[in-house]
Amino acid sequence: KDTTMHEVGHTLGLRHNFRASRWRTAQELPHPLLTAEHGISASVMEYSPINLPAPGQSAGAPFQTTLGPYDHWAIAYGYGDLPEDPGQAAKVLKTVAQRSAEPAMAEALAYGTDEDNLLGLDPQALTFDLGRDPVAFARTRVAIVRDLLARQATRVLTPQDEAALLRRSISYALRDLARTSQTLMRQVGGVITRRDAPGSGRDLLEPLPAAAQREALQLLQVALFTGAWIE
């Protein structure tokens, strides 16, 4: 359902929105009812990872199974009923578009697409990240990788198991660690890029605060470069 909604969104003209995964907080993502009814991302046009809990924690909905607020907003702009008078129609569209400037909708309607991701500067327009705090997300994924690797070390295969089972399990862990490291690396030297219209009052290019960069770099050093694990 997640994939189908994403592809139908493309047929309706929607582009990727790689900033939509920042909608939920780290505290909201494990909430089963909230995430099942209202989603884990603000848009189905994200590339969201599976919403996995840290070992021993409760789990929220693993996939995006409902439309997000960004999707409803974008479709309202592109397909909503408009007055026949061109001037009135322009006013209606402007009113819809200006919702993105409302402080309460800042994360729900935030937008960053392929160019924002591929330029490699923006620490917020990312694929396969989840939640408003990228370091908290990374800590959870590192804990999952650590737990998976530890369990493989003591796993005993039976003659009925595939010979490549352990290797495949390890590859899943290493792949997820690699994706997580990409999220952390984008925080270091990251510059938030905005698509605001003139007069918004916000800087279109804003370096990520130094403290946030250092926090990401510290976790990256411990989780990847030193080979140590975080308790």
Side-chain angles (χ1 to χ4, degrees), residues 5-6 8-10 12-29 31 34-35 37-48 64 66-137 183 186-187 189-213 216:
M5 290 190 298
H6 179 101
V8 170
H10 280 315
L12 294 174
L14 299 188
R15 298 192 65 194
H16 292 137
N17 183 1
F18 295 139
R19 211 181 295 269
S21 57
R22 290 177 48 81
W23 184 38
R24 292 288 180 212
T25 65
Q27 293 72 36
E28 292 173 331
L29 287 169
H31 196 292
L34 176 68
T35 52
E37 291 189 355
H38 302 288
I40 61 175
S41 171
S43 175
V44 299
M45 304 312 297
E46 254 283 11
Y47 284 2
S48 296
Q64 179 81 7
T66 183
L67 298 175
Y70 172 86
D71 305 314
H72 290 283
W73 178 62
I75 293 300
Y77 186 92
Y79 292 93
D81 292 333
L82 296 173
E84 293 185 5
D85 177 77
Q88 293 299 318
K91 289 182 179 179
V92 171
L93 289 174
K94 185 177 180 179
T95 298
V96 174
Q98 286 178 331
R99 290 192 60 208
S100 63
E102 298 173 7
M105 304 302 291
E107 298 295 346
L109 302 184
Y111 176 69
T113 193
D114 296 80
E115 303 93 274
D116 303 287
N117 175 46
L118 294 176
L119 285 174
L121 294 175
D122 199 318
Q124 297 181 352
L126 300 170
T127 59
F128 300 110
D129 66 318
L130 194 60
R132 209 166 301 175
D133 185 342
V135 175
F137 166 76
T183 297
R186 283 285 285 273
Q187 309 306 306
V191 178
I192 300 169
T193 59
R194 297 190 174 97
R195 295 170 171 266
D196 290 11
S200 73
R202 299 195 303 177
D203 289 336
L204 300 185
L205 296 175
E206 180 182 347
L208 196 68
Q213 295 189 42

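Just so it is clear, the values below take in all heavy atoms, side chains as well, and ignore hydrogens, waters and symmetry mates.
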With rounding to the nearest 0.5 angstrom, report the [atom1] to [atom2] distance, [X] to [Y].
| X | Y | atom1 | atom2 | result |
| --- | --- | --- | --- | --- |
| Leu93 | Lys91 | CG | NZ | 13.0 Å |
| Thr66 | His72 | OG1 | NE2 | 6.0 Å |
| Met45 | Phe18 | CE | CZ | 8.5 Å |
| Leu126 | Asp116 | CG | CG | 10.5 Å |
| Leu109 | Asp71 | CG | CG | 10.0 Å |
| Gln187 | Gln124 | CD | CD | 8.0 Å |

Does the pair Arg186 and Leu208 meet the rule for a side-chain contact (heavy atoms from CB on, under 4.5 Å), with working shown? CA-CA 10 Å; Arg186 283 285 285 273; Leu208 196 68; over 6 Å; no

Provide the full list of side-chain hydrogen bond (donor to acceptor under 3.5 Å, both in side chains) pairs with a residue in residues 93-110, sequence neighbours left out, each pair given once.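 Those involving residues 93-110 do not exist here.
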
Run the side-chain contact (heavy atoms from CB on, under 4.5 Å) test on Gln64 and Ser41 for me, step by step, so that the C-alpha distance in whole Å, both residues' side-chain angles and the decisive distance to 0.1 Å come before the verdict. CA-CA 7 Å; Gln64 179 81 7; Ser41 171; 3.6 Å; yes

Give the C-alpha distance, both sets of side-chain angles, the deciding distance and a yes or no for side-chain contact (heavy atoms from CB on, under 4.5 Å) between His6 and Glu46. CA-CA 8 Å; His6 179 101; Glu46 254 283 11; over 6 Å; no

Check the pair Trp23, Glu28 against side-chain contact (heavy atoms from CB on, under 4.5 Å), reporting the backbone distance first and the verdict last. CA-CA 10 Å; Trp23 184 38; Glu28 292 173 331; over 6 Å; no

Using 30° and 60° as the class boundaries, would you call the ring planes of Tyr47 and His16 parallel, tilted or perpendicular?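 Plane angle over 60°, so perpendicular.
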
Heavy-atom count around Asp81 CG within 6.0 Å, excluding the residue itself: above 12?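 12 or below, so no.
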
With sequence neighbours left out, write down each residue that passes side-chain hydrogen bond (donor to acceptor under 3.5 Å, both in side chains) with Glu37, or none if nothing qualifies.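 Partners of Glu37 by the side-chain hydrogen bond (donor to acceptor under 3.5 Å, both in side chains) criterion come out as none, since no residue qualifies.
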
